[in-house]
Visitor: 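Starting off with a structure, shown below.
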Amino acid sequence: MRARALVDLAALRANVRALRARAPRAQLMAVVKANAYGHGAVPCAKAARQAGAEWIGTALPQEALALRAAGDTGRMLCWLWTPGGPWREAVEAGIDVSVSGLWALEELCAAVRECGVPARVQLKIDTGLGRNGCTPGDWEKLVAAARDAEEAGLLKVTGVWSHFACADEPGHPSIRAQLDVFKDAVAYAERQGLAPEVRHIANSPATLTLPEAHFDLVRTGVAMYGISPSPEVGTPEELGLRPVMTLSASLASVKRVPGGHGISYGHAYTTPGETTLALVPLGYADGIPRSGSGTGPVMVGGKRYTVAGRVAMDQFVLDLGGDSAEAGDEAVLFGPGDRGEPTAEDWARATGTIAYEVVTRISSRVPRVYTGEIPDGAGETGGDRTAHGSDNGADEDAGA
Ligand SMILES: *Cc1c(COP(=O)(O)O)cnc(C)c1O
């Protein structure tokens with residue numbers, strides 16, 4: 001195989017269990033937007049369910065509908081809507097829809113009148129992130145309209161929720177301010193007669209650092225994939241998490257060249273002396289950041305090298321110096337790190353981005369290969385598990 005992203009579903013399940021242990025009184029929503037941060041939405045959602053995730057969360061309604069089509073029947077929420085829906089499809093599929101404003105409530109109610117199925121609605125308050133969500137100033141109007149629609153039998157308000165701006169910087173003053181606004185918004189909605197099943201604001205960093213923010217439900221994305229939200233929150237090991245994705249490729253060419261040889265477009269790198277070059281068949285079309293030119297770390301034969309010259313669309317070069325390798329040898333761009341390979345965090349540091357982006361941008365050109373799957377119906381709940389015939393069943397005990 002040219003390249004692959006190996007996705008360890010046993011690690012994902014262990015991460016879900018570790019996160020549930022951090023928020024023992026809350027339900028857990030596995031956030032699988034953007035193809036599960038590049039890991040593959042359908043297998044990751046299934047693995048998260050097996051580890052006890054009560055909820056699945058997506059940004060787009062289309063992402064939630066695709067998971068229903070793939071057979072997921074549990075609670076699901078999607079939150080990024082634009083005029084036109086698909087409201088009716090989501091309501092008929094029993095997906096909770098997030099509403100941040102009156103235009104959305106009106107479109108939703110029209111769809112409900114058409115199909116005759118009451119909607120499950122979660123009202124979103126903007127407590128300070130400044131993205132989606134109803135402003136505190138408009139909250140009374142939105143709550144009143146939702147309550148009227150509920151009394152008319154069109155919908156049930158199942159949730160009140162919000163999202164943090166700076167939870168990955170523990171102690172940031174905005175965190176407390178957002179919590180205060182959130183508590184007020186929930187209390188107001190309840191005084192007006194709404195009885196949400198779930199109140200929630202915590203993403204991965206708040207789940208890991210701020211028990212006060214757990215409320216009824218925590219929404220974990222990045223941590224479920226074994227990646228720390230930020231260095232301030234801790235390393236994956238400190239947090240009891242294991243990176244789920246390993247990105248590797250087979251060397252496409254290995255050759256000796258003399259000193260003074262320019263490498264890749266622009267000759268941004270020149271061999272300092274006679275040396276061995278290895279060609280890695282991954283490029284920016286595969287989601288390797290072009291900003292990894294001259295900076296990205298890669299392991300070959302147990303040793304780390306740095307991308308020599310520019311990352312091109314399909315390939316980049318490593319200068320192995322005096323070391324030897326052969327075409328077909330494995331180059332590991334990132335993984336859990338326990339074989340000495342770089343991590344997604346290392347790539348993030350090397351390319352001036354966050355590890356969220358490093359894994360999410362790996363494109364569909366790279367096949368996902370799954371390990372650690374457990375068969376359908378062999379569910380796990382909480383820490384209560386039995387051994388299943390997976391090829392790395394030993395990992396099942398990692399979180400025990
Ligand atoms: C992406 C997202 C999450 C998950 O965030 P992580 O930091 O990856 O845990 C939670 N809630 C909302 C609204 C999101 O968009």
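Whatever order the structure lists ligands and atoms in, that order sets their numbers, starting from 1. Values below: all heavy atoms of this structure, side chains included; hydrogens, waters and symmetry mates excluded. All values derive from a computational prediction rather than experimental measurement.
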Visitor: Mind telling me whether W103 and W87 have parallel, tilted or perpendicular rings, with 30° and 60° as the class edges?
Guide: perpendicular
Visitor: Can you tell me if H214 and R22 form a side-chain donor-acceptor pair at under 3.5 Å?
Guide: no
Visitor: side-chain hydrogen bond (donor to acceptor under 3.5 Å, both in side chains) with R365: which residues, sequence neighbours excluded?
Guide: D286, D314
Visitor: For a distance cut-off of 3.5 Å, show me each N or O of ligand 1 paired with any protein N or O, plus the separation.
Guide:
unit_1: ligand 1; atom_1: 7 (O); unit_2: Y356; atom_2: OH; d: 2.6
unit_1: ligand 1; atom_1: 8 (O); unit_2: Y37; atom_2: OH; d: 2.6
unit_1: ligand 1; atom_1: 8 (O); unit_2: V222; atom_2: N; d: 2.8
unit_1: ligand 1; atom_1: 9 (O); unit_2: S204; atom_2: N; d: 2.8
unit_1: ligand 1; atom_1: 9 (O); unit_2: S204; atom_2: OG; d: 2.5
unit_1: ligand 1; atom_1: 9 (O); unit_2: G221; atom_2: N; d: 2.9
unit_1: ligand 1; atom_1: 11 (N); unit_2: R219; atom_2: NE; d: 2.9
unit_1: ligand 1; atom_1: 11 (N); unit_2: R219; atom_2: NH2; d: 3.3
unit_1: ligand 1; atom_1: 15 (O); unit_2: K33; atom_2: NZ; d: 2.6
unit_1: ligand 1; atom_1: 15 (O); unit_2: W79; atom_2: NE1; d: 3.4

Visitor: Which residues pass the side-chain hydrogen bond (donor to acceptor under 3.5 Å, both in side chains) test with R131, sequence neighbours left out?
Guide: none
Visitor: Distance-only criterion, 3.5 Å: show the donor-acceptor pairs between side-chain atoms of residues 202-212 and protein atoms not counting sequence neighbours.
Guide:
unit_1: N203; atom_1: OD1; unit_2: A206; atom_2: N; d: 3.3
unit_1: S204; atom_1: OG; unit_2: G221; atom_2: N; d: 3.2
unit_1: S204; atom_1: OG; unit_2: A223; atom_2: N; d: 3.2
unit_1: T207; atom_1: OG1; unit_2: N203; atom_2: O; d: 2.7
unit_1: T209; atom_1: OG1; unit_2: P205; atom_2: O; d: 2.8
unit_1: E212; atom_1: OE1; unit_2: R176; atom_2: NH2; d: 2.7
unit_1: E212; atom_1: OE2; unit_2: K183; atom_2: NZ; d: 2.8

Visitor: Ring centres of F215 and H200 under 6.0 Å apart?
Guide: no
